[in-house]
Amino acid sequence: KLISEVINGVPLTLDLESISINKGKVSLSIKTSDFKALRNYEDTLKNNTSYSEVKVNIKLEGTEYQVSINFQVLKEKK
């Protein structure tokens with residue numbers, strides 16, 4: 001359930017390359033050229049009260065952004 005919640009929350013213009021979840025810690029690897037959608041997604045994660053310690057690392061490679069996102073899930077929905 002948590003995996004589908006995280007995956008479904010990623011906007012379509014962001015290319016989710018990998019996801020890992022370990023004991024409530026979520027790590028995403030994303031590639032995109034849509035900076036605005038990326039920033040909106042970052043804001044959405046940071047404003048989600050079910051998540052904490054949201055960290056976003058952005059690196060521009062050519063015309064695309066390589067992004068790593070990490071956060072902790074506070075409560076898993078059952």
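This is a predicted model, so every value here is computed, not measured. Nothing fancy with the numbering, it's 1 onward along the sequence.
- Distance check, rounded to the nearest 0.5 Å: CD1 of I30 to CD of E42 gives 10.5 Å.
- Scanning all heavy atoms of the two residues, the minimum distance from K23 to Q72 falls at O-NE2, 3.5 Å.
- Residues F71 and L28 form a side-chain contact, since some pair of their non-hydrogen atoms from C-beta on lies under 4.5 Å apart.
- Considering CG of N40 and CG of D34, their distance stands at 8.5 Å, rounded to 0.5 Å.
- At least one side-chain heavy atom of E17 sits less than 4.5 Å from a side-chain heavy atom of Q66.
- Rounding to the nearest 0.5 Å gives a distance of 11.0 Å between OG of S50 and CG of L45.
- With values rounded to the nearest 0.5 angstrom, S68 atom OG is found 9.0 Å from K59 atom NZ.
- For I21, the CD1 atom counts as densely surrounded, since its 6.0 Å shell holds more than 12 non-hydrogen atoms of other residues, nucleotides or ligands.
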Review point. Where do L74 and Y51 land on the side chain to side chain contact (heavy atoms under 4.5 Å, CB included) test, with the steps shown first?
Key: CA-CA 6 Å; L74 295 176; Y51 303 153; over 6 Å; no
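- Distance alone, capped at 3.5 Å, is enough to place a donor-acceptor pair between the T32 side chain and the T13 backbone.
- Rounded to the nearest 0.5 Å, atoms NZ (K25) and OG (S52) are 9.0 Å apart.
- Within a 6.0 Å radius of CG in L60, other residues, nucleotides and ligands contribute more than 12 heavy atoms.
- Here K55 contributes atom NZ and S27 contributes atom OG; the two are 11.0 Å apart, rounded to the nearest 0.5 Å.
- The shortest non-hydrogen separation linking I58 to L38 is CD1-CD2, 3.7 Å.
- Contact of the V56 side chain with the Y41 side chain is not registered, since no non-hydrogen atoms from C-beta on lie closer than 4.5 Å.
- N70 places none of its side-chain heavy atoms less than 4.5 Å from the side chain of E53.
- Smallest separation of non-hydrogen atoms from A37 and P11: O-CG, 4.4 Å.
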